[in-house]
K.L.:
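Please find one structure pasted underneath; my questions will follow.
Remember, predicted model here, so these are calculated numbers, not experimental data. Heavy atoms only: backbone and side chains are in, while hydrogens, waters and symmetry mates are out.
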Amino acid sequence: IEHLAALGFKKPIMVAKTVQQWMVGDLRVFRMESTRNTFVEFVPALIEGLADAEEPDNAVTAFDGFLQALQRGGRLISLLSQNRELVALVALILGAAPRLGDMLARQPQIMDGLIDPRFFGAMPDQRELSARLAATLRDAHSYEEFLDRLRLFGQESLFLIGTRILSGTVSAQHASDAFADVAEGIVDTVHDLVTDRFAAQHGRIKGQETAILAMGRLGSREMTASSDLDLILLYDFDYEQPDSDGPRSLHGAHYFARFTQRLISAFTTRTNYGVLYDVDMRLRPSGRAGPVASRLDSFAEYQDREAWTWEHMALTRARVISSSPEFRARIETIIREVLTRPRDAAGVATDVADMRRAVALEKGEDDVWDLKYAAGGIVDIDFIAQYLQLVHAAANADILDVNTLHVLDNAARIGVLPQSAAEILRSATRLYHDLTQILRLCVSDKFNPETAGEDLLRVLARAGDAPDFSSLEARVQETQTEVRRVFEAMLGSGR
């Protein structure tokens, strides 16, 4: 106990009892005697490593919960005993991001990525991720095994990116790009897989094309650890020959509706490794009332004649992520034509402000730490960027970009956003994204500073480049006030 107190533990008796329980308790992870022996030898180094955590007593408690949850962990215990520097990193994961700790407890093999020499190097680009994904799937023997491996790849990627975020070795923007690269690689792989399997049952329709359009955070490449996939499926075919040529032939739109349902199922079906992604298709034409897949000419006509301003706002983030080059070009032309048509600036401003007020009524805007919906939060900035594109793209299409920060840069460069306002919005965007990456990784419900652990508060302060959490909170409040002032100066209050 004296030794534990000397190491810095504030509750050495509690720590001693916990360690004693590890040594004699009947934990599942120690069913193999060799694993227990390795762990017993490792305990002194483990305790010293946990003592280096920012909250040592909490680290011990978190590690205890982790051991209780481990189903099997011989290799993991061995890795930790041989790589002592990993202990502090695991302590940080368990203390600040229980979600990652739970993932590690269920799938200990994802720890392997942490000892890869490339882990703390440059983030893998889309090509490298695609190569890794292909290697993971190469010898899958069944559709079910294929889906399991996809899910394991997705979880391992999320874990590794999340650990880089926690350790402060990757920026929020690089993390967003990495999450998006993983999602796009998986979407493209699933698209190809489902296309081939569906054709084996139902054949193909002459001239058929399908494309997956990313919207929302995937479209803008601003994804976090908890982002779902906002998708639209577009298709086309030879209208003169609308029946598929397979053993179970389907006709035209029915073919693509069934295909889309199969595609969604590949993402959302729960297997031994959980769900791949939640998929949201509410941004499709006509929303929930519309068909799950849209024919290209119907999509173009809807966007031209029926879509509301908010739907064109959403379209500023639309990006084709899986398609043939020819079909992609046709879709991008339609989107560009919609976004660059002349609009009445005052009318758009009123629509955007009214939309923001409606969001506030539904979601609330008074919680400072609801960074998305708070007055002066992420939604305010997104709406400003979307408004600027809709009213200025006709005269200067260079303003268009799916990414909010890039839009703000473009708008300032072409002179439609004052430099002072641009600096406020850019600084706020970076701050919100830095903090959002942490919060989405570590908090599954609403963030409450009063009940949050000290590890998380320290990580947030570091991410916000603040000396402590109270300073960070003051900066967030000041930033929200400035952003809301810019929003109302440009768009009014919507009242």
Side-chain angles (χ1 to χ4, degrees), residues 8 10 49-63 85-101 103-104 113-114 119-123 158-179 222-227 367-372 374 377-378 381 405 424 426-480 482-483:
K10 296 175 183 175
L50 295 176
D52 290 334
E54 290 178 297
E55 286 289 323
D57 301 274
N58 292 346
V60 170
T61 300
F63 198 87
E85 65 275 9
L86 285 182
V87 174
L89 185 56
V90 171
L92 176 63
I93 291 170
L94 298 176
R99 179 182 177 193
L100 291 185
M103 191 179 296
L104 186 58
L114 294 183
F119 174 68
F120 284 113
M123 296 293 286
L158 187 154
F159 178 83
L160 295 178
I161 298 167
T163 303
R164 292 287 300 269
I165 294 170
L166 278 183
S167 63
T169 58
V170 65
S171 70
Q173 184 57 58
H174 284 137
S176 297
D177 288 341
F179 283 131
E222 296 169 331
M223 289 189 73
T224 69
S226 63
S227 295
D367 180 358
V368 170
W369 284 104
D370 188 347
L371 297 178
K372 181 176 181 179
I378 292 172
I381 301 173
L405 263 178
I424 289 171
R426 284 188 292 225
S427 176
T429 300
R430 294 188 188 100
L431 174 64
Y432 295 159
H433 285 182
D434 287 341
L435 299 178
T436 297
Q437 286 290 2
I438 300 291
L439 291 172
R440 293 290 182 268
L441 189 66
C442 300
V443 181
S444 56
D445 204 351
K446 281 192 172 186
F447 172 63
N448 181 357
E450 300 298 322
T451 58
E454 289 297 321
D455 280 341
L456 177 54
L457 298 184
R458 287 192 181 94
V459 169
L460 284 168
R462 185 192 67 207
D465 197 24
D468 51 48
F469 183 78
S470 60
S471 300
L472 173 67
E473 189 162 46
R475 182 186 170 196
V476 168
Q477 291 173 326
E478 180 182 355
T479 299
Q480 289 173 349
E482 291 179 335
V483 170

K.L.:
Which atoms form the tightest heavy-atom contact between P56 and A51, and what is the distance?
P.N.:
CG-O, 3.5 Å
K.L.:
State the CZ-CG distance between R458 and L472, to the nearest 0.5 angstrom.
P.N.:
14.0 Å
K.L.:
Minimum heavy-atom separation for A97 to L166, with atom names?
P.N.:
CB-CD1, 3.7 Å
K.L.:
Taking all non-hydrogen atoms of both residues into account, name the closest pair between V170 and H174 and its distance.
P.N.:
CG2-CB, 3.4 Å
K.L.:
Tell me, do T224 and L441 make a side-chain contact under 4.5 Å, heavy atoms counted?
P.N.:
no
K.L.:
Can W369 and F469 be said to form a ring-ring contact (aromatic ring centres under 6.0 Å, His included), step by step?
P.N.:
CA-CA 12 Å; W369 284 104; F469 183 78; 5.3 Å; yes
K.L.:
A side-chain contact here means heavy atoms from C-beta on lying under 4.5 Å apart; do F159 and I93 qualify?
P.N.:
yes
K.L.:
Compare every heavy atom of T479 with every heavy atom of A428, then report the nearest pair and how far apart it is.
P.N.:
CB-CG2, 3.3 Å
K.L.:
Which atoms form the tightest heavy-atom contact between P449 and L457, and what is the distance?
P.N.:
O-CD1, 4.2 Å
K.L.:
To the nearest 0.5 Å, what is the distance between CG (L460) and CG (L456)?
P.N.:
4.5 Å
K.L.:
Scan side-chain atoms only and decide if D468 and S471 contain a donor-acceptor pair under the 3.5 Å cut-off.
P.N.:
yes
K.L.:
Scan side-chain atoms only and decide if T436 and H433 contain a donor-acceptor pair under the 3.5 Å cut-off.
P.N.:
no
K.L.:
Rounded to the nearest 0.5 Å, how far does CD of Q437 lie from CZ of F179?
P.N.:
5.5 Å
K.L.:
How many angstroms lie between atom CG of D434 and atom CD1 of I165, to the nearest 0.5 angstrom?
P.N.:
10.0 Å
K.L.:
Do C442 and L100 have side chains that approach each other closer than 4.5 Å (heavy atoms only, starting at C-beta)?
P.N.:
no
K.L.:
Quick one: do M103 and L158 satisfy side-chain contact (heavy atoms from CB on, under 4.5 Å)? Show the steps, please.
P.N.:
CA-CA 10 Å; M103 191 179 296; L158 187 154; 3.8 Å; yes
K.L.:
When rounded to the nearest 0.5 angstrom, what distance separates CZ in R430 from OG in S171?
P.N.:
11.0 Å
K.L.:
Atom OG1 in T429, atom CD in E222: separation rounded to 0.5 Å?
P.N.:
8.0 Å
K.L.:
Let me see the working for L94 and N58 under side-chain contact (heavy atoms from CB on, under 4.5 Å), right down to the final yes or no.
P.N.:
CA-CA 9 Å; L94 298 176; N58 292 346; over 6 Å; no
K.L.:
Would Q480 and Y432 count as a side-chain contact (heavy atoms from CB on, under 4.5 Å) here? Give the steps.
P.N.:
CA-CA 10 Å; Q480 289 173 349; Y432 295 159; 3.1 Å; yes
K.L.:
Show your reasoning for whether side-chain contact (heavy atoms from CB on, under 4.5 Å) applies to D465 and L431.
P.N.:
CA-CA 9 Å; D465 197 24; L431 174 64; over 6 Å; no
K.L.:
Is L371 close to V476 at the side-chain level, that is, under 4.5 Å between some pair of heavy atoms?
P.N.:
yes
K.L.:
Looking only at heavy atoms, what is the nearest atom pair of V483 and G377, with distance?
P.N.:
CG1-O, 4.3 Å
